[in-house]
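In what follows, a single structure is set out as structure tokens and then discussed.
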Amino acid sequence: MPDDRVRVRYAPSPTGDPHVGNIRTALFAWLFARHTGGDFIVRIEDTDTARTQEGSLEAILESLRWLGLEWDEGPEVGGPHSPYVQSQRRELYQNAARSLVEAGHAYYCHCTPERLHEMRKEQQRLKQPTGYDRLCREAGRGPDGDPSPVVRFKMPLEGETTFNDLIRGEVTFANATVDDFVMLKSDGYPTYHLASTVDDHLMDISHVLRAEEWLPSTPRHVHLYDALGYDMPLVAHLPIILGPDKSKLSKRHGDVALLQYREMGYLPEAMINFLALLGWSLDNHTELLSRDDLVNNFSIERIVRSAAVFNLEKLTWMNGVYIRNLGEEELAERIAGILDESLSQEVARPVSRDYVRSITPLVRERIRTMTDIPELTDFFFLRDLDYPPADLVQRGLEPADTANALDSTVERLAGVGEWTAEALEGELRPLAEELNVKTGQLFGAIRVAVTGRKAAPPLFETMAVLGRDLCLERLRKAVASVSTVD
RNA sequence: GCCCUCAUCGUCUAGCCUGGCCUAGGACGCCACCCUUUCAAGGUGGAGAUCAGGGGUUCGAAUCCCCUUGAGGGCACCA
């Protein structure tokens, strides 16, 4: 394998349903891999047994699948560096830790959680920087028969560490501000620092793209790589995604799990486009980019440095654009699928595809998210409409006028030859004039009578689709119910 | 408290590296008008950023330098 091959990984912890910020990181890594013709690897970092959640792995993989971020190596597909689950690679980390201790780069620590807690409290009280005080490093003890010591890495006591971040440039930390972190926990599992360093090396990762919150621990990794004798991959810390309150997006912000957006009727194509533009841009005007456009144009250089607020309104707008851009057949099929799932039981399944095809052009530019569909179309399917009779009465008309207008409509329409939108319009426009009401008033009353709604798709097309019998029946019912309005 | 990062319309961003084309461009949202039987979609126009603030450098700074401020992130036997 050539040395310069790009290999990036997405390394989530299975501690819950991945949220949009997390997946945005995966997307950038995937885009970078695909743009460069490199490899995209998924590695599961389940080294915290207490936080690992049942079902989370499936949610992670399903999130990637939904967006079409296929992976070259990882769970389910395997690969030359299997397994891709850290809990199954414990020996690797334990060996690395042991050799680090032997080489004098790390040491056993016997401090109890209680002592560490007290130490931290004291440091805070004295307003000193918090961090491990290196008691066990100075004592220079071995395992000492302690059944569960931790292993800490020896950070340099002085000097500074500088590394180059692909997005931020040179970043420097004083080594004195970085403490001796735990690499191997008392339960024998590694911490992130050790596990990811060992795996990134073993898996030949060339670039680490991760969220900005990792920036402060990068000096640790610099020294870990060095002590292990590994070359360090290039690093790029992606800007964080914020909630409306401008703090890091998290569960308390509500709808953050990526898969929730699928439930809410968002299209994966729109989601990808939107997420890609959260922290990256092509130029000063391009908003709509397909997955291929993104792959072709993605570059780390054009990732912004500052954090971005997740703007749901823009996502929703973009989703509408993608829905409108869907082919008629494609949209109809998706609409039918949704209706089959969501319509009331009284409607026979599967819903007629031809019927749905005739409805689709009437609603396509009114759909913002796919979950709008039942609300937008149910009157096409339901037998009985449920609406307040008062809605029939238009501004400037009395109930009696309305009853009369609707009654005349029934009469006029009963004799119409061809039940088409053009024919209907040809009958009803003159009727308004004859009745001496505004077209808006007549059509408004008919709209409510026929759809049960004040806002609906274009009236004549809608009536044409509904058919003569249903329209006349609904109009007659309306005439009867409007008499109950005082 | 300590460390790091960031800072252009309400929001996402272009411009910053390679000062002048920026009296700062686009998009979402908002407002108005047009289209129109309603709601959308579409079209046109508008409000909205003294480029966080202050100092420099320069003939000239959103762009370079310094300081300040603000915001975010990190400071676990979590990732």
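Excluded from the calculations below are hydrogen atoms, water molecules and symmetry mates; all remaining heavy atoms, backbone and side chain alike, are included. Numbered from 1 within each chain, the chains take letters A, B, ... in sequence-line order.
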Do we get A/Arg24 above A/Phe28's six-membered ring, with its NZ or CZ under 6.0 Å from the centre and within 45° of the axis? yes

On RNA chain B, more 5' by nearest nucleotide between A/Leu126 and A/Val321 is A/Leu126

Rounded to the nearest 0.5 angstrom, the CG-CG distance for A/Leu258 and A/Asn22 is 9.5 Å

ask   = Just to confirm, is there a sub-4.0 Å distance from OP1 or OP2 of B/G70 to any side-chain nitrogen or oxygen of A/Lys246?
value = no

Between B/G74 and B/C12, how far apart are the C1' atoms? Round to whole Å, please.
26 Å

Worksheet entry | Check: A/Ser306 side chain, B/C6 base, donor-acceptor under 3.5 Å | no

Legend entry - B/C64 to B/G20 separation - C1' atoms, rounded to the nearest Å: 14 Å

- Reckon A/Gly320 touches a base, only the sugar-phosphate, or nothing at all at heavy-atom distances under 4.0 Å? nothing

Any base atoms under 4.0 Å from A/Ser148, or only sugar-phosphate, or nothing? Heavy atoms, all strands.
nothing

### P spacing across the pair B/A27 / B/U44, given as an integer number of angstrom
10 Å

Taking donor-acceptor contacts at under 3.5 Å, does the side chain of A/Thr177 reach the base of B/C3? no

A/Lys185 atom NZ is separated from B/A79 atom P, nearest whole Å, by 4 Å

Item to complete: Answer with base, sugar-phosphate or nothing: what part of the nucleic acid does A/Arg302 contact at a heavy-atom distance below 4.0 Å?
Response: sugar-phosphate

Between the base of B/C6 and the side chain of A/Arg305, is there a donor and acceptor pair under 3.5 angstrom? no

Phosphate contact (B/C78 OP1 or OP2) by A/Thr191 side-chain N/O below 4.0 Å = no

Notebook entry, point to check: What about the rings of A/Phe310 and A/Phe274, do their centers lie closer together than 6.0 Å?
Noted result: yes

In whole angstroms, the gap separating C1' of B/U18 from CD of A/Glu301 amounts to 16 Å

side-chain hydrogen bond (donor to acceptor under 3.5 Å, both in side chains) test vs A/His237 passes for just one of A/Arg305, A/Glu212, A/Arg210, namely A/Arg210

### Message
With rounding to the closest Å, how many angstrom separate the C1' atoms on B/C34 and B/U58?
### Response
50 Å

**Request:** In whole angstrom, give me the gap between the P atoms of B/A14 and B/G26.
**Result:** 15 Å

request  = Taking only the side-chain nitrogens and oxygens of A/Arg120, find out if one of them lies under 4.0 Å from OP1 or OP2 of B/A76.
outcome  = yes

Check: When you compare B/G56 with B/U13, how far apart are their C1' atoms, in angstrom units rounded to a whole number?
Finding: 30 Å

Is A/Ser281 near enough to B/A14 that one of its side-chain N or O atoms lies under 4.0 angstrom from OP1 or OP2? yes

When rounded to the nearest 0.5 Å, the distance separating CZ of A/Arg252 from OG of A/Ser247 is 3.5 Å

Checklist entry - Between the base of B/G1 and the side chain of A/Gln123, is there any donor-acceptor pair under 3.5 Å? => result no

Atom CG of A/Asn284 and atom P of B/C22 are separated, to the nearest Å, by 12 Å

Taken to the nearest whole Å, CG/A/Leu326 to P/B/A41 is 17 Å

| request: Would you indicate what A/Pro457 reaches in the nucleic acid, counting non-hydrogen atoms under 4.0 angstrom: base, sugar-phosphate, or nothing? | output: base

Q) Expressed as a whole number of Å, how far does the P atom of B/G53 sit from that of B/G70? A) 15 Å

From the list A/Ser56, A/Ser13, A/Ser87, side-chain hydrogen bond (donor to acceptor under 3.5 Å, both in side chains) with A/Asp46 holds only for A/Ser87

The reported gap from CH2 in A/Trp280 to CD in A/Glu301 (rounded to nearest 0.5 angstrom) is 11.0 Å

B/U57 and B/G19: how far apart are their C1' atoms, nearest whole angstrom? 11 Å

Of A/Thr172 and A/Leu278, the one whose closest nucleotide on RNA chain B sits nearer the 5' end is A/Thr172

message: Is there a side-chain contact between A/Arg368 and the phosphate of B/A40, meaning an N or O under 4.0 Å from OP1 or OP2?
response: no

**Message:** Within the 4.0 Å heavy-atom criterion, would you say A/Val178 contacts the bases, only the backbone, or no part of the nucleic acid?
**Reply:** nothing

